[in-house]
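Just so we're on the same page: letters track the sequence lines, and every chain starts at 1. Note that these values count all heavy atoms, side chains included, but never hydrogens, waters or copies made by symmetry.
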Amino acid sequence: MKSLAMKNLRGRPVRSAVLIVLAALLTFTALGGTLTVASLGKGLDSLEARLGADVMVVPKEATMKKKFEDIVLQGATGYFYMDSKRAQAVMEREGVGEVSPQFFLASTGSSCCSIPVQIIGIDPATDFTVSPWIKRTYGGELGLYDIVAGSDLNAFVGDKLSFYGVECRVAAKLEKTGTSYDTTVFTNEDTIKALISSSLEKGMNDFEDVDPENCVSCLMINAADGTSPEELVNDINIHVKKVKAYKSGDMISGIAGSLSGVSRMIKLLIAAVWVLGLVILLLAFTMSVNERKKEFAVLRVMGASRGKLAGLVLKEALLTCLTGSLGGAAVGLLVLIPFNGVIEQTLGLPFLLPNFGSIAGICTAAVVLSVLTGAAAAAVSAWRVSRIDTGLILRGEN
Amino acid sequence: MELKAEKITREFIRPGGKTNRFFAVKETDLTLASGKLTVLMGRSGSGKTTLLNMLSGLLMPSTGKITADGRDLYAMPDKELSKFRNVHMGVIPQGQTAIHSLNVTENILLPFGLYGDKPDEARAKELMERLDIAELASARPAELSGGELRRVAIARALVRRPEVIFADEPTGDLDDENTAAVFTFLKECAREGAAVLVVTHENEAVNYADEVLRMNAGTLEQG
């Protein structure tokens, strides 16, 4: 009967091809949609972790045209500075727990990148936001002119990159984060200060009168025990002039909202495709059984039981749906994995593919679900076939 | 094998009309014995095919019972009755009944495949030669004429050497020469021990019959 099912499918190539394509479409939609939603969720988690601090404080001018948010959230390039005294005033506020400065610089061109690169300097002694990411791939200390490149940058460990005439060595590459980290270069405080000085000397820095030794770009702060981030943000914004404090959660709430909207749209699309697919499969199997009613009656004449007839219909459905589902899953993976960067750019949202185990799980679930849907659609026809009155059908043909 | 029908009837409900219930087969007794070829004749719509379907386990009688060597056919569960039909009965239905996705040889051997039994290819070859379709072994049903398809159906029904053979208009699409060959062949099957029932309009069939019956408006009469 198994070989009969195979031969029946080969004997009707157009019908089989349509069913296979439909099953492939169902799996592709389920896999692609679910993987996209999961990647967006993971991207948001990664973004939250990437911010890594309860509160961020930047000079007031950095808030113009969302400059700071664009750097942190969208991967835009830019830089701004505030005097160390203002930074000190912030650090002295009550409720400030862990605190670490960061230093920003944007390259205007580098051999490593086709796009301008954001350079962020950290203080390894106090940093608690970037170092945990760096430690995932690089366990050593960052020396002078050592840099860590984001995963999307065209630079490899050991490469020499020049920024404002200063040659830097790529000490490590970050693993993919799905955030602006992927197009950023990290270095320590001494190196960034040397780069800022060089950019100033070459007249390539908009902040001509800035003193690299007495400035920071932003402060990353964790609220002390007993103080909420909201209280700390309000306190800093009220009492320290010319700075702006942000709560991390507020910064990503817009992105979370967009992500939720995109996820909802994807889920609706999946549901629509599946309902449509189920209806088409139901019709296709029903039509196929009606068209072959006499053939089933003949099998019955030869001694096929009702169960065998139903089994034949189900086997044909399972074979087509399994073939289509595996094809759909393969296409889905071939589209989503190599082109996840394009998807990220198109959606404009943090996008981080789940790990291999999760992808395999989602893939298996999509295939199983498609096959079960095909089987459920065929079950109605299988039941009808198992109820046929052979005598009446053959009599009707006379 | 002895196939015995006792007081069987078959009632149908016709949609619409004043008298929508009618008996296609009125109370009938019939015995098909091994080694005997029985010819059943009668006008169209007289109930011949309905009787054949009931006897072959395909259509449950409204009343009465059918036994094969004492076993009540319709008391068997469907699975058992189906297997019984597969092994012990060969049915040649009316019309074109080839499975279109299979070639001629595969169609003829299909009764073995239904239960995963080892196909008797020698028997299939012998039947194809006897029925003059050996050259069509690899052909698809779509490439065959009506007469060739009938012969494929005959070979398929006989391939398992059934003990009871039901043939419903087996020579419908055949020329005189092939008609004679098929009746001769069915007669040989009877001689070899099968119980054969042939439903036909062909008067020539009478020449091969051990018993001739007639159906007249649902009533079985001796020919």
Side-chain angles (χ1 to χ4, degrees), chain A residues 1-20 287-317 319-320 382-398, chain B residues 10 12 24 44-45 47-54 56-61 77-103 106-107 110-117 140-142 153 156-157 159-160 162 166 168-169 172 199:
Chain A
M1 287 297 260
K2 190 180 170 190
S3 90
L4 179 60
M6 281 295 285
K7 281 173 180 162
N8 279 340
L9 295 176
R10 285 202 203 109
R12 290 173 173 81
V14 175
R15 183 179 64 91
S16 303
V18 168
L19 291 173
I20 286 170
M287 282 167 66
S288 163
V289 161
N290 279 343
E291 177 199 320
R292 296 161 60 202
K293 215 157 57 178
K294 177 134 188 228
E295 231 174 78
F296 289 114
V298 171
L299 287 172
R300 188 105 174 100
V301 161
M302 278 185 255
S305 65
R306 295 186 186 282
K308 276 193 184 292
L309 293 186
L312 180 63
V313 172
L314 283 175
K315 267 177 201 157
E316 287 182 24
L319 280 169
T320 46
W383 182 81
R384 285 183 58 220
V385 162
S386 75
R387 303 323 318 158
I388 62 167
D389 190 328
T390 315
L392 288 177
I393 289 174
L394 293 174
R395 193 169 161 263
E397 296 285 333
N398 292 344
Chain B
R10 179 66 204 200
F12 286 110
S44 294
K48 305 185 297 292
T49 298
T50 301
L51 178 62
L52 183 146
N53 287 337
M54 287 194 287
S56 58
L58 291 166
L59 185 65
M60 189 181 233
D78 177 66
K79 204 172 166 183
E80 195 183 333
L81 175 56
S82 300
K83 176 76 178 171
F84 183 87
R85 187 165 52 246
N86 178 262
V87 175
H88 300 287
M89 294 178 172
V91 183
I92 305 161
Q94 254 190 34
Q96 309 308 342
T97 57
I99 304 294
H100 286 263
S101 55
L102 306 179
N103 66 25
E106 289 166 341
N107 259 289
L110 187 56
F112 292 104
L114 289 179
Y115 290 92
D117 297 335
R140 297 268 156 189
R156 189 179 59 201
V159 76
R160 294 205 74 148
F166 299 97
D168 195 356
E169 302 288 1
V199 169

Does the side chain of [X] reach to within under 4.5 Å of the side chain of [Y], using non-hydrogen atoms?
| X | Y | result |
| --- | --- | --- |
| B/T97 | A/V301 | no |
| B/L59 | A/T390 | no |
| A/L4 | B/L102 | yes |

Portion of [X] that has a non-hydrogen atom of chain A nearer than 4.5 angstrom:
| X | value |
| --- | --- |
| B/I99 | both |
| B/P111 | both |
| B/S56 | neither |
| B/E169 | neither |
| B/R156 | side chain |

How long is the span from the CZ atom in B/R160 to the CE atom in A/M302, to the nearest 0.5 Å?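 Those atoms lie 12.0 Å apart.
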Output the distance between atom CD (B/E106) and atom OG (A/S3), rounded to the nearest 0.5 Å. 7.5 Å
Would you call A/R300 and B/D78 a salt bridge, using N to O less than 4.0 angstrom?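 Looking at A/R300 and B/D78, the cut-off is met.
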Please lay out, stage by stage, how B/L58 and A/D389 fare under the test side-chain contact (heavy atoms from CB on, under 4.5 Å). CA-CA 8 Å; B/L58 291 166; A/D389 190 328; over 6 Å; no
Under 6.0 Å from the NZ atom of A/K293, do we count more than 12 heavy atoms belonging to anything else shown? no
With chain A, the option among B/L81, B/V91, B/L52 that has the most non-hydrogen atom pairs under 4.5 Å is B/V91
Looking only at heavy atoms and a cut-off of under 4.5 Å, which of B/S82, B/G57, B/S44 has the most pairs with chain A? B/S82
Give a yes or no on whether the backbone of A/A304 and the side-chain of B/Y115 come within a donor-acceptor separation of less than 3.5 Å.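 Checking the backbone N and O of A/A304 against the side chain of B/Y115, no donor-acceptor pair under 3.5 Å is found.
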Between the side chain of B/K79 and the main-chain N/O of A/K308, is any donor-acceptor distance below 3.5 Å?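 Flag not set: sc B/K79 to bb A/K308 has no pair under 3.5 Å.
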Using heavy-atom distances under 4.5 Å, tell me whether A/R306 contacts chain B through its side chain, its backbone, both, or neither.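 Looking at A/R306, backbone and side chain both touch chain B.
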Which region of A/N8, side chain (C-beta onward) or backbone (N, CA, C, O), has a non-hydrogen atom less than 4.5 Å from a non-hydrogen atom of chain B, or is it both or neither?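 Both backbone and side chain of A/N8 come within 4.5 Å of chain B.
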Could you work out, with side-chain hydrogen bond (donor to acceptor under 3.5 Å, both in side chains) as the rule, every residue matching A/R292, not counting sequence neighbours? A/S288, A/E316
Most heavy-atom pairs under 4.5 angstrom with chain B, which of A/G303, A/A297, A/G11?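 Between A/G303, A/A297, A/G11, the count favours A/G303.
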